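Since the model is a prediction, treat every value here as computed from it, not as a measurement.
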Amino acid sequence: MDSWIPIPSIPIPPTVEIPEGRIRGLFVAAFRIGRTPVTNREYAPFLAAAEAPAPPWWSDPAFASPGQPVVGVTWDDASAYGEWLSRAAGGRWRLPAESEWEHAMSGGETSPATAWGSAIPPGEIPEGTLSAPWEAGRGTPNAFGVLDPGTVVHEWCLDWRESAPGTVDTTRRASRGGSWRHRIPWSPPSARSSLPPHLRYSDYGFRVLLEIPPARR
């Protein structure tokens, strides 16, 4: 059994269960994933525990709403949050692998055009020019119950970037999803991106995965 130290009143990211399936020919075991990207509210106790430095935009009023996705985190920050949450809340929390992320955002479909199927639901993305990410969880869930799937912020993934089949680029970590900064602020579940893991951007956040022990699947 994993050891853990319960911390009263920490805001644990709500999760939804994703059934096992296949994506791009790969088998993906069942798991739980954050309903939304990790928010400032959920990230704050991690910073208070001095587990990582505050992101550059942490105190910027445009980015500081508790319900907004935390941004400006490095890959190491995001990974360390999962380790901290494992100790604080129990279970094994981590970043999702690319295959797990794509499976969750596809909602049980094969290579859908959007995370909701053929089209983005009306009102899913705020209209007009954006100067910061919108509040997480404001839109429509996909078929698996995931919110903000492929919108709002790029999300760090567990993997190194695969530069060619079977070849990894150990200078860049994989990421998925759209970005509030882009002219088109969403991307299909299959779209891939990457970034050197030490960089910080105002449109990079992350979503956590909670492993389901094999005996409970």
Side-chain angles (χ1 to χ4, degrees), residues 12-39 42 67 69 78-79 82 85-86 89 91-126 133-162 165-166 173-180 182 184-194 203-217:
I12 299 172
T15 62
V16 294
E17 185 164 343
I18 308 299
E20 67 178 40
R22 301 192 72 84
I23 198 78
R24 299 182 181 274
L26 298 173
F27 172 75
V28 180
F31 57 92
R32 300 191 68 87
I33 198 166
R35 292 189 75 218
T36 71
V38 172
T39 63
E42 293 156 354
S79 183
L85 193 58
S86 297
R92 190 175 298 278
W93 298 79
R94 59 173 172 81
L95 293 173
E98 280 195 272
S99 57
E100 293 166 330
W101 192 97
E102 184 174 344
H103 176 49
M105 303 307 141
S106 295
E109 296 195 28
T110 302
S111 299
T114 82
W116 301 267
S118 60
I120 296 177
E124 181 66 29
I125 295 171
W134 57 87
E135 296 263 330
R138 63 178 290 280
T140 302
N142 76 351
F144 283 159
V146 178
L147 291 163
D148 311 309
T151 67
V152 191
V153 291
H154 298 301
E155 299 179 19
W156 287 115
C157 290
L158 183 67
D159 321 67
W160 290 107
R161 174 179 176 267
E162 187 177 30
R173 286 287 186 178
S175 57
R176 294 291 186 106
S179 160
W180 66 268
H182 292 187
I184 300 175
W186 67 275
S187 64
S190 60
R192 305 178 71 189
S193 55
S194 65
D203 61 347
Y204 257 76
F206 67 103
R207 191 182 300 251
V208 285
L209 178 148
L210 175 61
E211 294 183 1
I212 299 176
R216 299 181 188 173
R217 292 176 189 160

* What are the two closest non-hydrogen atoms of I125 and P185, and how far apart are they? -> CG2-CG, 3.5 Å

* Stepwise side chain to side chain contact (heavy atoms under 4.5 Å, CB included) test for R24 and S190 -> CA-CA 9 Å; R24 299 182 181 274; S190 60; 2.9 Å; yes

* Asked: Do the non-hydrogen side-chain atoms of Y204 and V153 ever get within less than 4.5 Å of each other?
  -> no

* Asked: Does the side chain of D148 reach to within under 4.5 Å of the side chain of P37, using non-hydrogen atoms?
  -> yes

* Asked: From T151 OG1 over to W186 CH2, what is the distance, rounded to the nearest 0.5 angstrom?
  -> 10.5 Å

* Please confirm whether the backbone N or O of G137 pairs with a side-chain atom of R35, one donor and one acceptor, at under 3.5 Å? => no

* Does any non-hydrogen side-chain atom of R138 lie less than 4.5 Å from one of P126? -> yes

* Asked: Rounded to the nearest 0.5 Å, how far does CD1 of I12 lie from CD of E42?
  -> 9.5 Å

* Can you tell me how far the CZ atom of F27 sits from the OG atom of S99, to the nearest 0.5 Å? -> 10.5 Å

* Enter the distance from S179:OG to H154:NE2 here, rounded to the nearest 0.5 Å. => 4.0 Å

* Test log, rule side chain to side chain contact (heavy atoms under 4.5 Å, CB included), inputs R161 and R192 -> CA-CA 9 Å; R161 174 179 176 267; R192 305 178 71 189; 5.7 Å; no

* Asked: Could you go step by step and tell me if D203 and H182 meet the side chain to side chain contact (heavy atoms under 4.5 Å, CB included) rule?
  -> CA-CA 9 Å; D203 61 347; H182 292 187; 4.1 Å; yes

* Answer yes or no: is there a side-chain heavy-atom contact under 4.5 Å between M105 and I18? => no

* Ionic contact status for R94 with E100, cut-off 4.0 Å -> yes

* Asked: Between R32 and E17, is the closest basic N to carboxylate O distance under 4.0 Å?
  -> yes

* To do: For residues L85 and P13, report the shortest heavy-atom separation together with the two atoms involved.
  => CD2-CD, 3.8 Å

* Close side-chain approach of T15 to W93, heavy-atom, < 4.5 Å -> yes

* When you look at I33 and V16, which way does the side chain to side chain contact (heavy atoms under 4.5 Å, CB included) test go after all the steps? -> CA-CA 6 Å; I33 198 166; V16 294; 4.0 Å; yes

* Asked: What is the ring orientation for H103 with F144, classed by angle as parallel under 30°, tilted 30 to 60°, or perpendicular over 60°?
  -> perpendicular

* Structure fact -> Smallest heavy-atom separation, E155 atom then W101 atom, equals OE1-NE1, 2.8 Å

* To do: Looking only at non-hydrogen atoms, find the nearest pair between V152 and P69 and report the distance.
  => CG1-CG, 3.4 Å

* Asked: Which heavy-atom pair separates C157 from L95 by the least distance, and what is that distance?
  -> O-CD1, 4.0 Å

* Distance-minimising heavy-atom pair for P189 and R176 -> O-NH1, 2.8 Å

* Do R173 and W156 meet the cation-pi criteria used here (NZ or CZ under 6.0 Å from the six-membered ring centre, within 45° of the axis)? -> no

* Hey, could you give me the CG/CG distance between L209 and L158, rounded to the nearest 0.5 Å? => 9.0 Å

* Say you draw a straight line from OG1 of T140 to CH2 of W116; how long is it, rounded to the nearest 0.5 Å? -> 7.5 Å

* **Derivation of the side chain to side chain donor-acceptor pair (under 3.5 Å) call for S193 and S175** => CA-CA 5 Å; S193 55; S175 57; 2.7 Å; yes

